[in-house]
Amino acid sequence: MSALNSIFSVFLPKEDKFFPMFRRLGEATVEAADLFTQLISETERTKQEELYLPIKAIETECDNIVINIFNELNDAFVAPFDREDIHELTGAIDDVVDLITSTSKRILLYKPKNIPTKALHMAEIILEGAKCERIGLNELQNMSKHPEVTLEQCQKLHDLEHEGDDVYESFLQELFESETDAIELIKMKDLMQGMESATDKANSVGKTLKTILIKYA
Amino acid sequence: MSALNSIFSVFLPKEDKFFPMFRRLGEATVEAADLFTQLISETERTKQEELYLPIKAIETECDNIVINIFNELNDAFVAPFDREDIHELTGAIDDVVDLITSTSKRILLYKPKNIPTKALHMAEIILEGAKCERIGLNELQNMSKHPEVTLEQCQKLHDLEHEGDDVYESFLQELFESETDAIELIKMKDLMQGMESATDKANSVGKTLKTILIKYA
Amino acid sequence: MSALNSIFSVFLPKEDKFFPMFRRLGEATVEAADLFTQLISETERTKQEELYLPIKAIETECDNIVINIFNELNDAFVAPFDREDIHELTGAIDDVVDLITSTSKRILLYKPKNIPTKALHMAEIILEGAKCERIGLNELQNMSKHPEVTLEQCQKLHDLEHEGDDVYESFLQELFESETDAIELIKMKDLMQGMESATDKANSVGKTLKTILIKYA
């Protein structure tokens, strides 16, 4: 937040501070997920590194937004929603971005010999989930007007987590059937686990949005 | 819940909706743990798969019960106990069932060459813990009448977690001393870790039951 | 707590029970971290085992303090701070001690062929963080008088987590570049991951201290 924004924001009601931050988190998650799908499809080392830099920058930006949200939350009574729900929502969004970033970094560190198709599929599930999160977070301010929009995203995030589970399980089965190099197996198991956790956390975002909707809409 | 039950439950006081759901969670945990001890002792692939199906069905049933409990919880003031305690209790029970299910699935996916005796021992600890959880959850409605019954289960769950730790540690020591096939080592380490987490979560159920007992009994 | 202390503490206001427990947790964390840096530098098996015993004893002591704090917390209105903040703070301190203890135990169980320099570096980061935690916990009772002291520790814990991340990442890169024995790789990856989590949790202690400071100072 710029200094000027900070000055203006003093005069804004509390809610008007929260919603733009959540909208930015939604947008940033899509940006990170989109860069991640590019990075995971990329085989050239230098291009992977170029794609990692903006992902890391987005993670840092999100960390700062999360700190701002938590600071605002400490004035609990002014928050538009229950403190604990906002805490849970923010934490889950942040976890998704963190998992995208750490998995990206590990691709650089591990230098896996090849990336299986199922990993690309998983990255696409993460990107699709990020788009659902973005819609849900954009709706946050007016969710009661069109509750069906939020509910649809929550359902999609739930379905994407299950799709992610299936991809992960069939990936694990293939990996243990065909990979004979234990070190390569460790690398890919670790990378896929990070991605599978990202789809879990995206569903946590959906579940918390649904809780908020039921309470306030 | 059947449609008929749903209709009747509208006329029931809130507490009478919660307790049967917790009793069912306790029963379901025992059923899943019992099937799991059979699955882990089984060497035939098709029989393992036959045992997995009802475990997965129990997990799905528990997920639905958990969603019902969380939905009811959103009317926070009517709940018989603190919202956060019920949230924690429900989450921990669900984690136990999830870990039993995911470990079962991984046995199918990993096809480990052999299952060591210590893994069977761990499964028995999980089953014994599930039985303690069942007693504790059955007592929930009347825990103040016989607090010693609940306290005994909490103590047993605590002791079982420590027993689980010891089995896990001596298993790890043996594994790293004797297993020379790195991929087999990864499989068994992962399976035992899932089981060890299940005993941790069972103790979390016990700890939350104790918190509730101290507050309300 | 000795029996005599228990008797006296009945007459003490609530706050005077909390603060000494937190001071002891801070001191105990430093003691455990200090023993851990010795253990990880030690190559003789019997000396490693000798160093593990007091670490385990400190962990048990901390577990008991945590149980005492949680029991006191159930009288929520008397607590000097928000119940949930104290819960989070206590949990994070306990996690640091647990991770130091479990990593120590795993060194004994895994018997890694050699401990890389980066692991010693990580142990020093944990010790430095423990000293920041100790100062922060000593200040808890009077944090509003010298808020800059607490804030300085929070900043240091934040920086130490980032330093820990960097060490962990460059360790992983080296490990996957140079370690050809998959089982040794699994051992060191697991040990370093435990230590990296300890620096994360130490930063969680710092973040919660900052939240408490902002709310009450």
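Letters A, B, ... mirror the listed sequences (proteins, then strands); counts begin at 1.
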More than 12 heavy atoms of other residues, nucleotides or ligands under 6.0 Å from NZ of Lys111(C): yes or no? yes
Could you look at Asp190(C) and say if it's the side chain, the backbone, both or neither that has a heavy atom under 4.5 Å from chain B? side chain
Best-contacting candidate, Glu177(B), Lys189(B), Glu84(B), Glu174(B), against chain C by heavy atom pairs under 4.5 angstrom: Lys189(B)
Got Leu108(C) and Gln173(B) here, is their nearest side-chain heavy-atom distance under 4.5 Å? no
Once rounded to the nearest 0.5 Å, what's the spacing between atom CG of Leu172(B) and atom NZ of Lys187(C)? 11.5 Å
Salt bridge flag under 4.0 Å for residues Glu169(B) and Arg106(C): no
Atom NZ in Lys207(B), atom CZ in Phe70(C): separation rounded to 0.5 Å? 8.0 Å
Counting only heavy atoms closer than 4.5 Å, note whether Thr180(B) contacts chain C via side chain, backbone, both or neither. backbone
Taking every heavy atom of Ile183(C) against every heavy atom of Glu179(B), the minimum-distance pair comes out as CD1-O, 3.4 Å
Considering non-hydrogen atoms only, spot the tightest contact between Leu109(C) and Phe176(B) and give its length. O-CB, 4.5 Å
